[in-house]
Amino acid sequence: MIKLINRNKAVNSSNKPGNGATPPKMPQFNMNWIYIIILAVLALLFFTDSGQTIGRGATRSVEYSDFLTYVNRGYAQSVVVDKSESKLRMYVYSANVRDVFHQSKEQTGSNPYVEVTYGSIDKVEDFLEEAKAAGKFKGKLSYEVETHGYMYSILMTFLPIVFFVFLWLFVMRRFSGGGGMGGAFNVGRSKARMYEKDNAIGVTFKDVAGQVGAKQEVQEIVEFLKNPKKYTDLGGKIPKGALLIGPPGTGKTLLAKAVAGEAGVPFFSMSGSDFVEMFVGVGASRVRDTFRQAKEKAPAILFIDEIDAIGRARSHNPGYGGNDERENTLNALLTEMDGFGTNSGVIILAATNRVDMLDKALLRAGRFDRQIHVDLPDLPERKEIFQVHLRPIKIDDSLDIDLLARQTPGFSGADIANVCNEAALIAARHDSKVVTKQDFLDAVDRIIGGLEKKTKVMTAEEKRAIALHEAGHATISWFCRYANPLVKVTIVPRGRALGAAWYMPEERQLTTKEQLLDEMCSLLGGRAAEEICTGHISTGAMNDLERGTKMAHSMIAYYGMSDKLPNICYYDNNEYGFQKPYSNQTARIIDEEVIKMINEQYERAKAILTEHREGHNALAEMLIRREVIFAEDVEKIFGKRPWVSRSQEIIESNEMLSEDAVPAAEDAAGTTDTPEASSTEAEKSHSEDR
């Protein structure tokens, strides 16, 4: 006990201001309790009486004649007179409650009374005196003390109004998230987040891999803000806006973050949905407030992500002639970007993957002077993106990044980041110290095909049918010149697929009719193999048929590759609305040509499988035994593929040119690889691995 007291003394002495210690902070009072207390008091004043009531019980208003009757019958226990309101309360004996209220005492509670409005207090007093003399009223006559007057009446009149106004302000403050009582009126304020040098995002152009063209254009905007004199001396003007266009996950928002990190000027960021609100006029108000803030900080950059949320094309027939909040917001945006007012020093950056839905007035020069396309990365760019996302990952020294880039055609930057993360998770699941090549290949398979389902139960007949189907795809692709090179085939179920074949798509700039027909024939090879080998067809070819039908329809209706409709394109770009840009007779011809083209390739696939029937059966038996086979296994059965892939052709031609060109380049420059050289090396590795 003594030690405890001494310790307390030591603590107290150390907390004295003279000892240099920081005094303890007082706990902050939560302002919400004040609002709750005020609301409770107002509710109490509004919903309760003056407080002079004796006890609690049932109440009933009766006529003055009924009051006289109750007193003459001896029901009155006591009478309380309120002279200010000319009313009285007659409290009833418990024995007479049922006679007055037609209810039991338990139902009426304690001290039930009736309320009566009287005309003259003198008559009431005389009547009660007579009743008392006659022995009919034995109770007490009392008068209510007047505790409220004129001010009380005013308060009781206006307090309900004040209560509901205060309640509305309180709810609006909570709803808008604003601070203080002004929060209810901040609904129209901008929600843009501003970044300056002190609170920069920390992303620079070094973190953006690939997208050389897009990066160059946004870098020029940043350079203009940093050194405008370099451009204005030649008569140039700063671009008013730049629109980043591209598929999801290609790095549009990342480019904007890099601009914010590199610009060195205030950067305002917000989403198109931040302008959308349920209240009419709020969106337009937020647009004006956003531009006002940007003008005050000029030179500045304003970035609007997913601008299609407010920039959709305006309707020619607005419904019911009402006030369209979205169109008002778009009109305000158009006016602020290039109206009578000036926005000198404010550059607008916006991003969308639905440029076809944007209003034409928003896309014109003067608002968005530049449309920067951020496309899916090609082979060298995918390699650069892998190098960025592999920085924090502990990878095996033997990992071939070129192979990973070739294994992920059509992947966006976000997809590649997902592959790297998934590979790390798979390696951790296997208790590995580093992430290996197989982990990355498993991650690619996991993302493309889904999770393996080795526990899915199937009969031997079903397994053989799946093996024949997948072997049919592999056989047709091996003997079709322009079909994509095969990587591996599996009959292990993944996701909703019972089997799958992995190919290495050729990244072509142009696609010929022969190449499309070979791909279509390869798609139909699975169904053709089922029919030839089993005599039956199944539902397993649904995805193949869907893709083949879409391809055939595109070739005939869009690419003009039909015999009956040559050089005709019926591309529907929403210009025709819901009406098709061709007649019913043309639609019938398109359908006939689609069926004809698919049937021709189906018969072609059956002919190839019949010609190589023994090899196809051997491939199917190998699939049943091993469940997964690779291109090397197919080569052992069918021999080397008769044709060289496009990638191999490029490699061989570049090797012939590089014998004399490389030494000359080394003598002249002796510098690092160009993007073309990187592409050549990637394609070379691609060929060697295959």
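No experiment lies behind these values; they were computed from the predicted model shown. The first residue in the sequence is number 1, and the count goes up from there.
Among pairs with a residue in residues 244-264, none fulfils ring pair (Phe, Tyr, Trp, His ring centres under 6.0 Å), at least two apart in sequence or across chains. Listed by first and then second residue, the ring pair (Phe, Tyr, Trp, His ring centres under 6.0 Å) pairs involving residues 227-248 are Phe224-Tyr231 (not counting sequence neighbours). Applying the salt bridge (Lys or Arg N to Asp or Glu O under 4.0 Å) test to residues at least two apart or on different chains, none of the pairs has a partner in residues 410-423. Residue pairs meeting the side chain to side chain donor-acceptor pair (under 3.5 Å) criterion with at least one member in residues 205-226, sequence neighbours excluded, are Glu220-Arg370. The list of ring pair (Phe, Tyr, Trp, His ring centres under 6.0 Å) pairs with a residue in residues 353-381, not counting sequence neighbours, is empty. Pairs of residues two or more places apart, or lying in two chains, that qualify as side chain to side chain donor-acceptor pair (under 3.5 Å) and include a residue from residues 581-597 are Ser562-Glu593, Ser583-Thr586.
Counting only heavy atoms from C-beta outward, the side chains of Met597 and Met520 approach each other to under 4.5 Å. Contact check for Leu390 versus Cys420: side-chain heavy atoms found under the 4.5 Å cut-off. For the pair Leu403/Phe440, no side-chain contact is recorded, criterion being any heavy-atom separation below 4.5 Å from C-beta on.
Remark: Thr352 OG1 to Ile245 CD1 distance equals 8.0 Å, nearest 0.5 Å. Here Leu523 contributes atom CG and Ile598 contributes atom CD1; the two are 10.0 Å apart, rounded to the nearest 0.5 Å. Interatomic distance, CG of Leu363 versus CG of Leu358, reported as 5.0 Å (0.5 Å rounding).
For Asn567, the CG atom counts as loosely surrounded, since its 6.0 Å shell holds 12 or fewer non-hydrogen atoms of other residues, nucleotides or ligands.
Remark: Asp369 engages no residue in a salt bridge (charged side-chain N to carboxylate O under 4.0 Å, His left out) (not counting sequence neighbours). Remark: Glu381 engages no residue in a salt bridge (charged side-chain N to carboxylate O under 4.0 Å, His left out) (not counting sequence neighbours). In this structure, the side chain to side chain contact (heavy atoms under 4.5 Å, CB included) partners of Leu441, at least two apart in sequence or on a different chain, are Gln407, Lys437, Gln438. Remark: Val444 pairs with Thr408, Phe411, Val419, Ile448 by the side chain to side chain contact (heavy atoms under 4.5 Å, CB included) rule, at least two apart or across chains. Residues passing the side chain to side chain contact (heavy atoms under 4.5 Å, CB included) test with Lys513, sequence neighbours excluded: Leu517, Met555, Met561, Asp563. Qualifying side chain to side chain contact (heavy atoms under 4.5 Å, CB included) partners for Ala309, counting only residues two or more places apart in sequence or in other chains: none.
Although no hydrogens or angles enter the test, the distance criterion places a donor-acceptor pair under 3.5 Å between the side chain of Arg367 and the main chain of Leu334. Within the 3.5 Å criterion, the main-chain N or O of Met357 finds no donor-acceptor partner in the side chain of Arg312.
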